[in-house]
Q: 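Got a structure here, written out as structure tokens. Questions coming.
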Amino acid sequence: MTFKDKVVVVTGAGRGIGREIALSFAREGAKLAINSMHEETIRPVAESISEMGREVAPFVLDVSKEEDVERLVKETFERFGRVDVLVNNAGLNRDNFFVRLDVESWD
């Protein structure tokens, strides 16, 4: 499958699974909007994607904040004109044991 010129948004792309998902889409030809809460994790991923010759828009923001999500959407549409794929990978587990996660923590 090819994603040549498809616009893909990957949240939580600064490390781990999100990073690998973003790099995989880039290898398949996608244009990417990627995010992390930390500049130091998202910048190297964006650089790797750029080195592949792919367009990338890195965002440092918190997807648990509505205004940050609105900015991500707005700026992605301004830059690329559309979104073809959303990988909502960002997440946080405060106690490192997902089974104990209560509704308040989930929210």
Side-chain angles (χ1 to χ4, degrees):
M1 180 181 299
T2 182
F3 286 89
K4 183 171 177 7
D5 297 323
K6 298 293 184 187
V7 178
V8 178
V9 176
V10 182
T11 66
R15 61 187 175 141
I17 293 170
R19 177 184 183 278
E20 293 308 314
I21 291 168
L23 294 173
S24 294
F25 274 112
R27 283 190 288 274
E28 292 299 320
K31 301 174 185 179
L32 285 121
I34 57 175
N35 107 282
S36 173
M37 290 176 57
H38 308 285
E39 175 76 28
E40 65 272 11
T41 61
I42 203 63
R43 183 63 48 206
V45 180
E47 290 170 358
S48 294
I49 292 168
S50 290
E51 289 169 2
M52 291 182 209
R54 305 295 182 246
E55 287 186 62
V56 61
F59 295 90
V60 176
L61 52 81
D62 181 348
V63 296
S64 72
K65 296 180 179 175
E66 186 175 351
E67 61 274 9
D68 283 4
V69 173
E70 289 172 358
R71 186 179 122 225
L72 173 64
V73 171
K74 179 181 181 283
E75 292 182 21
T76 298
F77 273 86
E78 286 174 354
R79 170 117 183 225
F80 299 114
R82 68 182 196 279
V83 171
D84 298 302
V85 177
L86 168 63
V87 179
N88 192 18
N89 174 70
L92 178 64
N93 187 2
R94 289 185 176 93
D95 69 0
N96 292 321
F97 193 60
F98 188 74
V99 175
R100 291 191 302 247
L101 192 64
D102 59 27
V103 173
E104 182 178 308
S105 296
W106 176 266
D107 288 342

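The figures that follow rest on heavy atoms only: side chains count, while hydrogens, waters and symmetry mates do not. The residues of the chain are indexed from 1 along the displayed sequence.
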Q: Between V85 and V10, is there shared hydrophobic-cluster membership here, with clusters defined by ILVMFWY side-chain heavy atoms closer than 4.5 Å?
A: yes

Q: I'd like to check T76 versus F59 (side-chain heavy atoms, cut-off strictly below 4.5 Å). Are they in contact?
A: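 T76 vs F59: side chains touch.
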
Q: Could you pull out the closest heavy-atom pair between A22 and A13, with the gap in Å?
A: CB-CB, 4.2 Å

Q: Kindly compute the distance separating CD (E66) from CD (E70), expressed to the nearest 0.5 Å.
A: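 E66 atom CD to E70 atom CD measures 4.5 Å (nearest 0.5 Å).
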
Q: If hydrophobic clusters are built from ILVMFWY residues whose side chains come within less than 4.5 Å, do V83 and V56 share one?
A: no

Q: Would you check if the side chain of D84 reaches a backbone N or O of V7 as a donor-acceptor pair within less than 3.5 Å?
A: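 Yes.
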
Q: Rounded to the nearest 0.5 Å, how far does CD1 of I42 lie from CZ of R15?
A: 11.5 Å

Q: Measuring from atom CZ of R54 to atom NZ of K4, what distance do you get when rounded to the nearest 0.5 angstrom?
A: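 Nearest 0.5 Å value for the CZ-NZ distance: 7.5 Å.
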
Q: Are I49 and I17 joined in one hydrophobic group, where the rule is that I, L, V, M, F, W and Y side chains link up if heavy atoms are under 4.5 Å apart?
A: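 Looking at the clustering, I17 is in the same group as I49.
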
Q: Nearest 0.5 Å, please: how far is CZ in R43 from OG in S48?
A: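 So the gap between those two atoms works out to 11.5 Å.
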
Q: To the closest 0.5 Å, what do you measure between NZ (K6) and CD (E28)?
A: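 Interatomic distance, K6 NZ to E28 CD, rounded to 0.5 Å: 13.0 Å.
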
Q: Measure the spacing between CD1 of I34 and CD1 of I21 and express it to the nearest 0.5 Å.
A: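 I34 CD1 to I21 CD1: 12.5 Å, rounded to 0.5 Å.
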
Q: Could you go through R79 and K31, starting from their C-alpha distance and side-chain angles, then the distance that decides it, and tell me whether this counts as side-chain contact (heavy atoms from CB on, under 4.5 Å)?
A: CA-CA 10 Å; R79 170 117 183 225; K31 301 174 185 179; over 6 Å; no

Q: Give a yes or no on whether L86 atom CG has more than 12 heavy-atom contacts from other residues, nucleotides or ligands under 6.0 Å away.
A: yes

Q: Are side-chain heavy atoms of M52 and L23 found at a separation under 4.5 Å?
A: yes

Q: Verify the cluster assignment for V69 and L61: are they in a single hydrophobic cluster under the rule of side-chain heavy atoms below 4.5 Å apart?
A: yes

Q: Of all heavy-atom pairs between V8 and A30, which one has the smallest distance, and what is that distance?
A: CG2-CB, 3.8 Å

Q: Tell me whether K74 is salt-bridged to E78, with the criterion being a basic N under 4.0 Å from an acidic carboxylate O.
A: yes

Q: Tell me whether S36 contacts the main-chain N or O of V60 through its side chain, where contact means a donor paired with an acceptor under 3.5 Å.
A: no

Q: Let me check something: do F25 and V9 share a hydrophobic cluster, defined by ILVMFWY side-chain heavy atoms less than 4.5 Å apart, either directly or through other members?
A: no

